[in-house]
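Note: hydrogens, waters and symmetry copies are ignored here, and every other heavy atom, side chains too, is used. Below, chain A is the first sequence line, B the second, and so on; all start at residue 1.
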There are 2 protein chains.
Amino acid sequence: MIRVTKLADYGILLMTWLAWRKARPGGDELRRSAADLARETGLPAPTVSKLLRLLSRAELLEAQRGAQGGYQLTRDPAGITVANIIEAIEGPIALMDCLDDTAPDCDVQSLCPTRTNWDRINQAILTALSSISLEEMATPQRGWRERMSSALTPTVGETS
Amino acid sequence: MIRVTKLADYGILLMTWLAWRKARPGGDELRRSAADLARETGLPAPTVSKLLRLLSRAELLEAQRGAQGGYQLTRDPAGITVANIIEAIEGPIALMDCLDDTAPDCDVQSLCPTRTNWDRINQAILTALSSISLEEMATPQRGWRERMSSALTPTVGETS
DNA sequence: CCAATCCCGACCAAATCAGTACGGATTCCT
DNA sequence: AGGAATCCGTACTGATTTGGTCGGGATTGG
């Protein structure tokens, strides 16, 4: 069901936590060590390390080495999208592999206008993911549900 | 990378094939057996059977048993969305499990406004998937991009 | 110089996925 | 009626991916 891996989930959790902390007025220290973050989020420490490294490599976080080191956000949370985070952790966003290279199963050319249309789906999802900023993730939602349901729900729901 | 399972991919392929065949003027037989479809698409027969069964159970296809039996679309391709198909094959669409029940890892309540916001992402993706009909998948793309951008981008929220 | 911290690669266990096999039920055709 | 074709369902297995671990090196601050 259009699964995002747990790693990406955790990554978003971490980033949200960082953004949230930054937004708080009492945010004394915005640079935090991997161990701190692991403790604060309750996630296993090595996994947190790995994630932070990936996020840092994608330049979403800035790493400071040595004693008293740690990670901190490079940009403003408003300038980081969920798509950015997922992409940083899981690589380029694509629903299928059939898109980029020669797939041997896909031998029936006649029905493969499908492939080009799959690209549309990918694009749609990418758009959706890019439209949600980290800032939004870090702030408790207000009346977003109304905006949502009015525009979105129509097609999928009915079982019959 | 927001992967859809190969089964769902195949499912969409099958449905697209069916829709395409139905749309053609020379579409003599719109009911086709699982074996036929397997041969025509080049997919392994048992897998095709399984998929067709799932799609039939979701009432996207109609099954006719016995000799000379087979499957055919229940509704018009325009009334079937990609979201429908994926949902039929992979169950309810949700990026994460953390949404519906008590997750033990999620013990840090303080940072869990994230969870409610995850729902937002799910909704966005569902919208994207629901906005693409099987009919569109079966026809070579024309001016679909306009519909896309108009239908998707505004609802979820501006980045700034 | 020492300790804390980030950094990196390789490795392992577990979950999930794709596919298979077999047996049963239903309908058509002879 | 009988047999063949077809859909239906469950259970099982092999392979891929994922989540997580471990150990050692590089870099900075005290």
Side-chain angles (χ1 to χ4, degrees), chain A residues 1-14 29 31-39 41-72 74 86 88-91 94-98 103-105, chain B residues 1-14 29 31-39 41-72 74 86 88-91 94-98 103-105:
Chain A
M1 358 79 192
I2 313 281
R3 248 196 32 222
V4 162
T5 61
K6 225 186 279 183
L7 266 316
D9 173 21
Y10 292 166
I12 294 180
L13 194 67
L14 284 171
E29 270 285 353
R31 174 178 306 159
R32 308 204 61 71
S33 77
D36 285 346
L37 288 169
R39 192 172 351 98
T41 58
L43 301 175
T47 300
V48 169
S49 273
K50 179 191 283 188
L51 285 172
L52 292 174
R53 205 183 318 140
L54 286 172
L55 292 167
S56 155
R57 194 180 297 171
E59 300 184 9
L60 297 177
L61 292 180
E62 193 176 21
Q64 178 67 21
R65 292 181 146 194
Q68 223 70 13
Y71 293 92
Q72 74 183 64
T74 54
I86 295 179
I89 294 175
E90 307 200 334
L95 281 173
M96 315 207 27
D97 340 276
C98 182
D105 350 24
Chain B
M1 358 74 192
I2 313 281
R3 247 195 34 222
V4 162
T5 62
K6 224 184 281 184
L7 267 316
D9 173 21
Y10 292 166
I12 294 180
L13 193 68
L14 284 170
E29 270 285 354
R31 175 179 306 159
R32 308 205 62 70
S33 76
D36 285 346
L37 288 170
R39 192 171 352 97
T41 57
L43 301 176
T47 300
V48 169
S49 273
K50 178 192 283 187
L51 285 172
L52 292 174
R53 205 182 320 136
L54 286 172
L55 292 167
S56 155
R57 195 180 297 169
E59 300 183 11
L60 298 178
L61 292 180
E62 193 175 21
Q64 178 67 20
R65 292 179 144 192
Q68 222 72 11
Y71 293 93
Q72 72 183 66
T74 53
I86 294 179
I89 295 175
E90 309 200 333
L95 281 173
M96 316 205 27
D97 340 276
C98 183
D105 351 21

* Asked: Would Leu61(B) and Leu14(B) satisfy side-chain contact (heavy atoms from CB on, under 4.5 Å), going step by step from the backbone distance to the final call?
  -> CA-CA 11 Å; Leu61(B) 292 180; Leu14(B) 284 170; over 6 Å; no
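- Straight-line distance from the CG atom of Leu54(B) to the P atom of dC7(D): 14 Å, rounded to whole Å.
- Following rounding to the nearest Å, Lys6(A) (NZ) and dT21(D) (P) show an atom-to-atom distance of 12 Å.
- A rotation axis mapping the C1' atoms of four pairs onto the next four is fitted at both ends of the helix from dC1(C)-dG30(D) to dT30(C)-dA1(D) over five pairs, and the angle between these axes is 10° to 10 degrees.
- The interatomic distance linking Leu7(A) (CG) with dA15(C) (C1') rounds to 14 Å, in whole Å.
- If you take CG of Leu55(B) and C1' of dC8(D), they are 14 Å apart, rounded to a whole angstrom.
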List every contact pair, protein side and nucleotides 5-8 of chain C side both N or O, where the distance is under 3.5 Å.
residue, atom, partner, partner atom, Å
dT5(C), O4', Gly66(A), O, 3.4
dC6(C), OP1, Ala34(A), N, 2.8
dC7(C), OP2, Tyr71(A), OH, 2.5
dC7(C), O4', Arg65(A), NH2, 3.3

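- Ile89(A) pairs with exactly one of Leu60(A), Leu51(A), Asp9(A) by the side-chain contact (heavy atoms from CB on, under 4.5 Å) rule, that one being Leu51(A).
- Note that CD1 of Ile86(A) is 4.5 Å distant from CD1 of Ile12(A), once rounded to the nearest 0.5 Å.
- Residues meeting the side-chain contact (heavy atoms from CB on, under 4.5 Å) test with Ala45(B), sequence neighbours left out: Ala38(B).
- Ser33(B) is linked by a side-chain hydrogen bond (donor to acceptor under 3.5 Å, both in side chains) to Asp36(B), counting only residues two or more places apart in sequence or in another chain.
- Between Ile89(A) atom CD1 and dG19(D) atom C1' the separation is 13 Å, expressed in whole Å.
- A search for side-chain contact (heavy atoms from CB on, under 4.5 Å) contacts involving Pro46(A) returns Pro44(A), not counting sequence neighbours.
- For Gln72(B), the side-chain contact (heavy atoms from CB on, under 4.5 Å) partners two or more places apart in sequence, or in a different chain, are Leu30(B), Arg31(B), Glu62(B).
- A search for side-chain contact (heavy atoms from CB on, under 4.5 Å) contacts involving Arg57(A) returns Arg53(A), Leu54(A), not counting sequence neighbours.
- Among the atoms of the strands shown, only primed sugar atoms or phosphate atoms (P, OP1, OP2) are found under 4.0 Å from some heavy atom of Pro44(B).
- Rounded to an integer number of Å, the gap from CG of Leu14(B) to P of dC7(D) is 12 Å.
- Spacing between atom NZ of Lys50(A) and atom P of dC22(D) amounts to 13 Å, rounded to whole angstrom units.
- Following rounding to the nearest Å, Leu37(B) (CG) and dC7(D) (P) show an atom-to-atom distance of 9 Å.
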